[in-house]
Number of protein chains: 2
Amino acid sequence: MKKTTIKDIAKEANVSIATVSYILNNVKTQSISDETRVKVLKIAQQLKYVTNRTAQSLKINKTGLIGIILFKEENQHVWSDLKYAKAIFKLEQLFSKLGYHVLFMQIDSMTPSNKIIMERNLDGAILINVDQDKFSTISNYFGFGVPVIVMDSYIDNSLFHKVLPDIEQSFNLSQGLLGESPQFLVMDSYNNVEFVEFITHKSNLPESQIYVSDHTAGSLSIFLSQFPNSPGMVMNEFLANEVYKTHTNIVAICTCNCSEILRDDINNIRFDLNDYKEIVHMVDRYIQDVDYVNNEKFFLLPPHS
Amino acid sequence: MKKTTIKDIAKEANVSIATVSYILNNVKTQSISDETRVKVLKIAQQLKYVTNRTAQSLKINKTGLIGIILFKEENQHVWSDLKYAKAIFKLEQLFSKLGYHVLFMQIDSMTPSNKIIMERNLDGAILINVDQDKFSTISNYFGFGVPVIVMDSYIDNSLFHKVLPDIEQSFNLSQGLLGESPQFLVMDSYNNVEFVEFITHKSNLPESQIYVSDHTAGSLSIFLSQFPNSPGMVMNEFLANEVYKTHTNIVAICTCNCSEILRDDINNIRFDLNDYKEIVHMVDRYIQDVDYVNNEKFFLLPPHS
DNA sequence: TTGTAAGCGTTATCAT
DNA sequence: ATGATAACGCTTACAA
């Protein structure tokens, strides 16, 4: 039992393939008699016709596919899988609303299947947590004119848009909530070294007062023991819960989009996933409108407290 | 600047399109002189050729795409987004290893975009947390011979394979860990009513001693207050953390694949995501081998304690 | 208002 | 060992 094609409908309705296509696609420039329109539509329904998007994509040179490409971390933290789940789910929802389908792919150093964007003729792609190296490799396989957005990554290439939490603002707000200057910063790590550097830089703290999570158990508490009773900032709600056991005067900056798991007595700063809307719409515009240009390279997600 | 095609390579190498295709696909039945093989391969590389999977799919009638379709819950619990993230990530990893790409889609009552499986000519699909109704609707759009697996759902149709945690075994193990009979069961809800019923049935507890999470704050503690100091079983590590605040004699059955967030002093039972391997391989076999049949309809994921 | 036909980039059969 | 060509299912310029 094979799938119904336009051809089948045409045969059944005694009209040409073209006519069927016009009707199914509601082509405005083409006038169709009500009679045939109704007839064809009915038959299409009877035969349970569904568009063959593969064939369609080939012809119109648009797939309606967006890639969400997640780069896994070397040192897998316990929360690493959860970290981007909400972001991805939200993005899928938003793209879906605009009629796109989402191809989801994880890339690690073992499986560097970089060609997906071109192989699958993706209309656009979101790369999450990429380091410069991997980005260079994969960017060899970008299509020309395919919008590519990077999230949580500093890529030294002005061709691409970057989506980042507004770190500076977050630190400002944190300071406000603490009422005094934080004495330490505990943060999660990222594949993208430049992003880590940017964060540490913005914190205005010397390296000795910054702890970048490194997977090894125990190292955090050793670090913290240097700052008894001191106020601090903690990026990542999982780390915050941990730190809170010994240091209650902290602000949690919820970089995991997962503030529900945060102890509810911890001061916190969150980001709103609805802010992705703007990004998704931008990608859509790039796809729809070949000549669209947006020179805003940084999308800073505003923190809420 | 357009993408390189086989045609471009052919022209550049002064050979036919067919020859290029043979070489790129390493067709065994076709002998090719070393000279042209080397020449073509070199040119392909120079021109940065990548397969156009859209065209290829159309021709060979296989897309190499697997759909992972997640049905969202009506009453969104705080952990609902996180709940299936790990499952999906693991599945993507496994499918990826076999050369498939994964189309990820969430379906809720608002966006019942059911046709994706046929539209996109998916080679296979995993449906997660489906209720009978939605399943009926979507199954109208299944392709014939496309393997469809349902997870965490009881679907009354012997054509489809079902993947479920081994509830019975989990309850047995729990009882062993408790050392006595549990007096209550706290469980998360599922879209699939039949699955909920199955679980409650297997618990051997009367309805009055079972709490199915319903989103409303406070109702859990009211329920629990009926069973002071009693042993109980809690499905879902988030709920378990909650229950533990008042009832320490419990076993957590980690249905969220997320035991990391569980307080480490709680007795627990987990499931191993590596057990998905078998399912992924089965899907692969169905795709590769048209005649393959597997009559094992239930895949019960074994609990570990 | 409808139909014809070329072409999107592949694969695979059949000649040469 | 290589090439010509039909076909996959669709869209669209053009003809009728």
Side-chain angles (χ1 to χ4, degrees), chain A residues 1-41 43-44 47-65 115 118-123 143, chain B residues 1-41 43-44 47-65 115 118-123 143:
Chain A
M1 193 111 162
K2 263 180 58 72
K3 264 183 59 168
T4 306
T5 68
I6 284 192
K7 201 174 173 181
D8 300 327
I9 302 178
K11 200 179 293 173
E12 187 75 16
N14 280 311
V15 295
S16 76
I17 292 183
T19 305
V20 177
S21 174
Y22 290 138
I23 295 174
L24 293 176
N25 290 25
N26 237 314
V27 175
K28 298 302 179 191
T29 56
Q30 184 63 237
S31 69
I32 298 281
S33 77
D34 270 8
E35 191 187 8
T36 45
R37 162 163 281 125
V38 168
K39 178 171 65 176
V40 165
L41 249 25
I43 292 177
L47 300 185
K48 295 191 179 186
Y49 172 79
V50 307
T51 309
N52 184 329
R53 299 272 247 140
T54 309
Q56 191 187 50
S57 301
L58 179 60
K59 179 64 197 169
I60 68 178
N61 203 25
K62 272 203 183 142
T63 55
L65 290 176
K115 304 199 270 219
M118 290 214 82
E119 263 189 358
R120 292 288 183 186
N121 305 294
L122 304 185
D123 287 347
Chain B
M1 194 108 159
K2 267 181 55 73
K3 267 182 58 168
T4 307
T5 67
I6 286 193
K7 204 173 170 180
D8 300 326
I9 302 177
K11 199 178 295 172
E12 187 73 19
N14 280 311
V15 295
S16 75
I17 292 183
T19 305
V20 177
S21 175
Y22 292 138
I23 295 173
L24 293 175
N25 291 24
N26 236 315
V27 175
K28 297 302 178 192
T29 57
Q30 185 62 240
S31 68
I32 298 281
S33 76
D34 270 8
E35 189 189 7
T36 47
R37 161 164 281 123
V38 168
K39 177 172 62 178
V40 165
L41 250 24
I43 292 177
L47 301 185
K48 294 190 179 188
Y49 172 80
V50 307
T51 310
N52 183 329
R53 296 273 247 142
T54 308
Q56 189 188 50
S57 301
L58 178 61
K59 180 62 195 171
I60 68 178
N61 202 26
K62 275 205 179 140
T63 54
L65 289 176
K115 304 198 271 219
M118 289 212 83
E119 264 189 355
R120 293 289 183 184
N121 305 294
L122 304 185
D123 287 346

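Below, read A as the first sequence line, B as the second, and so on, with proteins coming before strands; counting in each chain starts at 1. Every value quoted in this text rests on a predicted model; they were computed, and no experiment measured them.
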Visitor: Is S57(B) touching bases, backbone alone, or none of the nucleic acid, heavy atoms closer than 4.0 Å?
Guide: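 Result for S57(B) = nothing.
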
Visitor: For T36(B) and Y49(A), take the nucleotide of DNA chain D holding the closest heavy atom to each; which residue's nucleotide lies nearer the 5' end?
Guide: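 Looking at the nearest nucleotide for each, T36(B) comes out on the 5' side.
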
Visitor: Indicate yes or no: at least one non-hydrogen side-chain atom of K3(A) is less than 4.5 angstrom from one of N121(B).
Guide: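 K3(A) vs N121(B): side chains touch.
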
Visitor: Heavy atoms only, 4.0 Å cut-off, all strands: where does S21(A) land among base, sugar-phosphate and nothing?
Guide: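 Touches a base.
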
Visitor: Assign V15(A) to base, sugar-phosphate, or nothing according to its heavy-atom contacts below 4.0 angstrom with the strands shown.
Guide: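 Counting heavy atoms under 4.0 Å across all strands, the contact made by V15(A) is with sugar-phosphate only.
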
Visitor: Hey, does S57(A) have a side-chain heavy atom less than 4.5 Å from the side chain of R120(B)?
Guide: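 Yes, side chains in contact.
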
Visitor: NA contact type, N121(A), heavy-atom cut-off 4.0 Å: base, sugar-phosphate, or nothing?
Guide: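 Nothing, no heavy atom under 4.0 Å.
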
Visitor: With a non-hydrogen cut-off below 4.0 angstrom, is K2(A) in contact with a base, only sugar-phosphate, or nothing?
Guide: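 K2(A): backbone/sugar contact only, no base atoms under 4.0 Å.
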
Visitor: If only side-chain N and O atoms of N25(B) are considered, is one of them under 4.0 Å from the OP1 or OP2 phosphate oxygen of dT11(C)?
Guide: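 True: N25(B) side-chain N/O within range (under 4.0 Å) of dT11(C) OP1/OP2.
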
Visitor: Between K3(A) (NZ) and dC8(D) (C1'), how many Å, whole number?
Guide: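 Checked: the NZ to C1' distance equals 12 Å.
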
Visitor: What distance separates K7(A) NZ from I9(A) CD1, expressed to the nearest 0.5 Å?
Guide: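 Going from the NZ atom of K7(A) to the CD1 atom of I9(A) covers 13.0 Å.
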
Visitor: With side chains defined as the heavy atoms from C-beta onward, is the minimum distance between Y49(A) and L24(A) less than 4.5 Å?
Guide: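 Contact flag for Y49(A)/L24(A) side chains = yes.
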
Visitor: Less than 4.0 angstrom between a side-chain N/O of Y22(B) and OP1 or OP2 of dT10(C), yes or no?
Guide: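 For dT10(C), OP1/OP2 do not have a side-chain N/O of Y22(B) under 4.0 Å.
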
Visitor: What distance do L41(B) atom CG and D34(B) atom CG have between them, rounded to the nearest 0.5 Å?
Guide: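 Here the rounded value is 11.0 Å.
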
Visitor: Using a heavy-atom cut-off of under 4.0 Å over every strand shown, decide if L58(A) touches base, sugar-phosphate, or nothing.
Guide: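 Result for L58(A) = base.
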
Visitor: Hey, does the side chain of Q56(A) come within less than 4.0 Å of dT11(D)'s phosphate (OP1/OP2), counting only N and O?
Guide: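 Answer is yes, contact under 4.0 Å.
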
Visitor: Has the side chain of K59(B) got a donor or acceptor atom sitting under 3.5 Å from an opposite partner on the base of dA7(D)?
Guide: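 Looking at the base of dA7(D), it does pair with a donor or acceptor on the side chain of K59(B) (distance under 3.5 Å).
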
Visitor: Any base atoms under 4.0 Å from N61(B), or only sugar-phosphate, or nothing? Heavy atoms, all strands.
Guide: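 Nothing: the residue N61(B), judged by heavy atoms under 4.0 Å, touches no strand.
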
Visitor: Can you tell me how far the CD atom of Q56(B) sits from the CD1 atom of I6(B), to the nearest 0.5 Å?
Guide: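 Separation between the atoms: 8.5 Å.
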
Visitor: How many Å lie between CG on N52(A) and P on dC8(C), as a whole number?
Guide: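 After rounding, the reported distance stands at 18 Å.
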
Visitor: In whole angstrom, give the distance that lies between atom NZ of K28(A) and atom C1' of dT12(D).
Guide: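 Result: 17 Å.
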
Visitor: Nearest to the side chain of T5(A) - dG9(D), dG3(D), dG9(C)?
Guide: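 Closest nucleotide among those given: dG9(D).
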
Visitor: Could you check T19(B) against I60(A) and say which one's nearest nucleotide on DNA chain D is further toward the 5' end?
Guide: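 With T19(B) and I60(A) compared, the 5'-side residue is T19(B).
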
Visitor: Give the rounded distance in Å between these two atoms: CD of E119(B) and P of dG9(D).
Guide: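 That distance rounds to 16 Å.
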
Visitor: If I take atom CG in residue L47(A) and atom P in nucleotide dG9(D), what distance separates them, rounded to the nearest angstrom?
Guide: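 Rounded to the whole Å, the gap is 15 Å.
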
Visitor: Would you please confirm or rule out a distance under 4.0 Å between OP1 or OP2 of dA4(D) and any side-chain N or O of S16(B)?
Guide: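 So the side-chain polar atoms of S16(B) never come under 4.0 Å of the phosphate oxygens OP1 or OP2 of dA4(D).
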
Visitor: Can you tell me the distance, in whole Å, between the NZ atom of K62(A) and the P atom of dG9(C)?
Guide: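 From K62(A) NZ to dG9(C) P: 16 Å.
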
Visitor: Using whole Å, report how far CD1 of I17(A) lies from P of dA6(C).
Guide: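 Rounded to whole Å, this separation is 13 Å.
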
Visitor: Report the distance from atom CD1 of I23(B) to atom C1' of dT11(C), rounded to the nearest whole Å.
Guide: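 Between C1' of dT11(C) and CD1 of I23(B): 15 Å.
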
Visitor: Classify I6(B) by what it touches in the nucleic acid, base, sugar-phosphate, or nothing, heavy-atom distance under 4.0 Å.
Guide: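 Contact class for I6(B): sugar-phosphate only.
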
